[in-house]
Amino acid sequence: MTSLLYRYALAVFALVLCPPAPAQTSSAALASRAGTARTSLSDPSSEKKVDELLRKMTLEEKVGQLVQYSAGQPTGPGTGRTDYDDMIRKGEVGALFNITTARQTNAYQRIAVEQSRLHIPLLFGLDVIHGFRTEFPIPLGLASSWDPLLIEQTARVAARETSASGIRWTFSPMVDIARDARWGRMTEGAGEDPFLGAAIARAYVRGYQGARLDAPDSIAACPKHFVGYGAAEGGRDYNSVELSEHTLRQFYLPPFHAAIDEGAATLMSAFNSLNAVPASANPFTLKQILREEWGFQGIVDSDYTSVGELIAHGIANDGATAARKAFLGGVDMDMVSSLYHENLVRLVRSGEIPEAAVDEAARRVLRVKFALGLFERPYADEAKEASAMLQPDSLMLARTAAEHSFVLLRNQDFSGRGPVLPLSNQTKTIALIGPLADDHGDMLGSWAGQGRPEDVITLRTALIQKMGAQNVRYAKGSEILGGSDDQLVEAVKVAEQSDTTFLALGENAPEMTGEAASRAFLGLPGRQEQLLEKIVATGKPVVLLIFSGRPLTLPWAFQHVPAVLAAWFPGVEAGPALVRTLFGEANPTGRLVVSWPRSMGQEPLYYDALSTGRPPRDIDLTHPPQNGIEKFVSRYIDEQNSPQFPFGFGLSYTSYRYANLQIDKPSLSAKNLNDELHAKGNTRSTLLSVSADITNTGARAGEETVQLYLRFQGTSVAQPVRALSGFQRVSLAPGETKNVTFQLGPEAFAFWNDQNKFAAEPAHVTLWVAPDSSQGVQGTLEITK
Ligand code: NOJ
């Protein structure tokens, strides 16, 4: 009953806050949806206002629009400048960030609007990554829902709360493709796949920016970090990146392009160098691709001091050169480094930078400020701020989002008694063990926005609410890092006295995940592996809950623990969502958006890899090579190639059968596909339908994420062994079968070819309708000339 009410409330919420979106996400659906909720940044009437204003501005005031400082809790090294009031009064600052309350934003805004010569409002930004006060699961968890509509709703709530504090700009979504779990910032994105990443990028932008950017509760999105940041060598944050133009275009750019196409008003340039040119001074990506090819009209903001960092990169020997290179490279606004502030006016006067280029950059900043309605409504309503936060419908959404983020990785008793989860309501006593079982702060993830630990309902609290304090035996067992022998002994005792043990283990969210949190070892930190092994040795049924911002390598656990759930960092409703899932009121639907490694040495690990010339076909990789046939293939001698769990994988409390793949045509012509692709102003047509029957073969209702994968062979460039081209969530009652159809447009059959053109080519195509990237029902298709 609760669950029904809950669903109903969610549906109402969805209808009120978000326009209904089609259930299908495939190339045709995505292409035709593009543009529906877009706010134009440059309509003629606001362009006129921008022109008028620009005419009145001095060079110093125009440069001022390009200057941004952190006026609150810094999120990186600062410049030591604190004279913001004075600078704002003189029109030397265009944007501030890291201030968080309506009172603070209004105070600065009053100076800008009432005391500066031209009364131009400031733009306030903040890292609102997965919620402002209502913290949702970390983005990696949200993405694991494979549910763009749900993600859009979370972004809408974030926009509602953020804007209530006068902040109209979020540095989100992070749409970096992340193929390496060593990279701490994997936690902030949507994982390894460009197709899913693009769908999710659009969802965030729609949610933040709403139907109209100038609505008081809309905030400007800022897809980041442009570009290649997730491909840092060795997974080490800020490290150099080498990507061929082909790989850049085919795998790393699509989520950015989708976000821009959806109308994102701003974009952030990255810290890394890309093919030896720092991304924050890279005219190829920032000018040619972003402005010329994609027609982006919004602001390019640098990342935090990334203009100044051009000196450390080695492409500038002084601040003036760094400012010139970043500016001429395509960065409009300088976050924190103060080099635009100090140098741009002089660089224009000396003729090293054309004034027209400063005009254009200032125009883009003013354009966004007009689009947000800041000139008409510069202030937040302080009286209404508190009531926007933690609304009941927002909390309910946070609980649903958390439930949909969990990925059930294992659920099988080793003695053949079947699944361990869900637990029956008859379970009498539970031992709740682990440093994350009653942890408030870490549940908020590494970018907690304004989320407060006291807003979090922990697993311990929720479990006690469900079972009564007398039936929940709690022991911390260890710290996340460190701990004592006494803690271990106590935990073992508690496990021995109970029917079932929940073990809540994992990473420390702020320190071990997120920015500047790359790891060279991906196991459980501290003494937690020891704790795990001691608890399993008690012989009691154990359910392992992994809290982390990335997959962790836990080979022992996957061989010895009957039930394992990836819980990520679930946000404020962590406890209730976990309890409902563990007791079966919610049936897990989450699917991995990153390949889960067996060992760290497999990284970078991703499913959409190329075949190589020596794929280890039909070779058993579970043991070292025993002859030349087993050896001289692309493999490790001491590890399997396959992941522990593949991209797209996730168990449920029911099971599904895939059958009867149908492809409605045996062939397509490349010429027709390319004609369709280039037809101007078309609403992209469906050229092929692929369908399969999905049956719920278990005893519970469930929601299955049905995935479509394609492979092209015989093409001008090697293509991935599989690439996601569609996904759909379907609800199935026990025993029910549904025919699931994917409608594919021309873009599903095109890729970046050897001329770096997006086009279709003659090819042999294999298609799979599948529960994950390692299996499925399969068929073929020919693309002829
Ligand atoms: C640096 C991070 O890379 C970026 O993601 C963030 O938005 C800025 N700091 C601002 O805090």
Side-chain angles (χ1 to χ4, degrees), residues 67-79 93-100 123-132 138-140 155 158 162 167-178 183-190 201 204-205 208 219-232 235-241 255-256 259 264-274 278-280 298-310 312-313 326 331-338 445-451 509-511 513-518 549:
V67 172
Q68 180 191 19
Y69 287 111
S70 165
Q73 187 68 25
T75 42
T79 49
V93 178
L96 286 180
F97 69 116
N98 284 341
I99 44 178
T100 53
L123 176 56
F124 297 103
L126 191 72
D127 288 286
V128 179
I129 307 297
H130 50 112
F132 181 71
I138 54 168
L140 191 67
T162 307
I167 299 152
R168 300 292 306 284
W169 186 21
T170 175
F171 307 131
S172 169
M174 190 195 93
V175 301
D176 294 312
I177 293 296
W183 190 52
R185 304 200 76 170
M186 175 179 271
T187 184
E188 291 176 56
Y204 277 109
V205 174
Y208 290 138
I219 58 177
C222 184
K224 66 187 187 184
H225 308 81
F226 199 69
V227 58
Y229 185 41
R236 202 183 75 209
D237 208 2
Y238 317 121
N239 205 1
S240 315
V241 171
F256 284 97
T266 77
L267 171 134
M268 188 183 290
S269 66
F271 286 126
N272 56 283
S273 65
L274 174 65
S280 288
I299 305 169
V300 173
D301 192 18
S302 79
D303 201 345
Y304 200 107
T305 60
S306 68
V307 173
E309 290 168 27
L310 298 183
H313 273 292
V331 172
D332 297 319
M333 189 182 270
D334 172 12
M335 184 192 282
V336 175
S337 82
S338 81
S446 60
W447 276 113
Q450 289 306 290
E511 275 88 41
T513 73
E515 187 177 349
S518 295

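Remember, it's 1-based here, ligands and their atoms both numbered in the order they're listed. Below, each value reflects all heavy atoms present in this structure, side chains not excepted, and no hydrogens, waters or symmetry copies. One is the number of the first residue; the rest follow in order along the sequence.
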In ligand 1, which numbered atoms sit nearer than 4.0 Å to a non-hydrogen atom of [X]?
X    : answer
F97  : 10 (C), 11 (O)
K224 : 4 (C), 5 (O), 6 (C), 7 (O)
F171 : 7 (O)

### Query
Can you say whether the rings of F271 and H225 are parallel (under 30°), tilted (30 to 60°) or perpendicular (over 60°)?
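The arrangement is parallel - the two ring planes meet at less than 30°.
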Exam field: side chain [X] to backbone [Y], donor-acceptor pair closer than 3.5 Å:
X    : Y    : answer
T170 : V128 : yes
S172 : C222 : no
D301 : M268 : no

### Query
Which bit of R185 is near ligand 1, meaning a heavy atom under 4.0 Å away: side chain, backbone, both or neither?
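Contact part for R185 vs ligand 1: side chain (C-beta onward).
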Polar contacts were defined as any N/O atom of the residue lying under 3.5 Å from an N/O atom of the ligand; does this apply to [X] and ligand 1?
X    : value
W447 : no
Y304 : no
E188 : no
D127 : yes

### Query
Can you find a side-chain donor-acceptor pair between Y69 and N98 that sits under 3.5 Å?
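Y69 vs N98: no donor-acceptor pair found between side chains.
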#### Entry: Distance-only donor-acceptor check, side chains E515 and Y238, under 3.5 Å
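Yes, because at least one side-chain N or O of E515 sits under 3.5 Å from a partner of the opposite role on Y238.
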### Task
Can you figure out which of D303, T305, I129 has its heavy atom closest to atom 3 (O) of ligand 1?
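The option holding the nearest heavy atom is D303.
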### Task
Quick one: closest heavy-atom pair of M333 and W169, and the distance?
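Closest approach of M333 to W169: SD-CH2, 3.9 Å.
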### Query
Non-hydrogen atoms of M174 versus ligand 1: any pair closer than 4.0 Å?
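The answer is no, since M174 has no heavy atom less than 4.0 Å from ligand 1.
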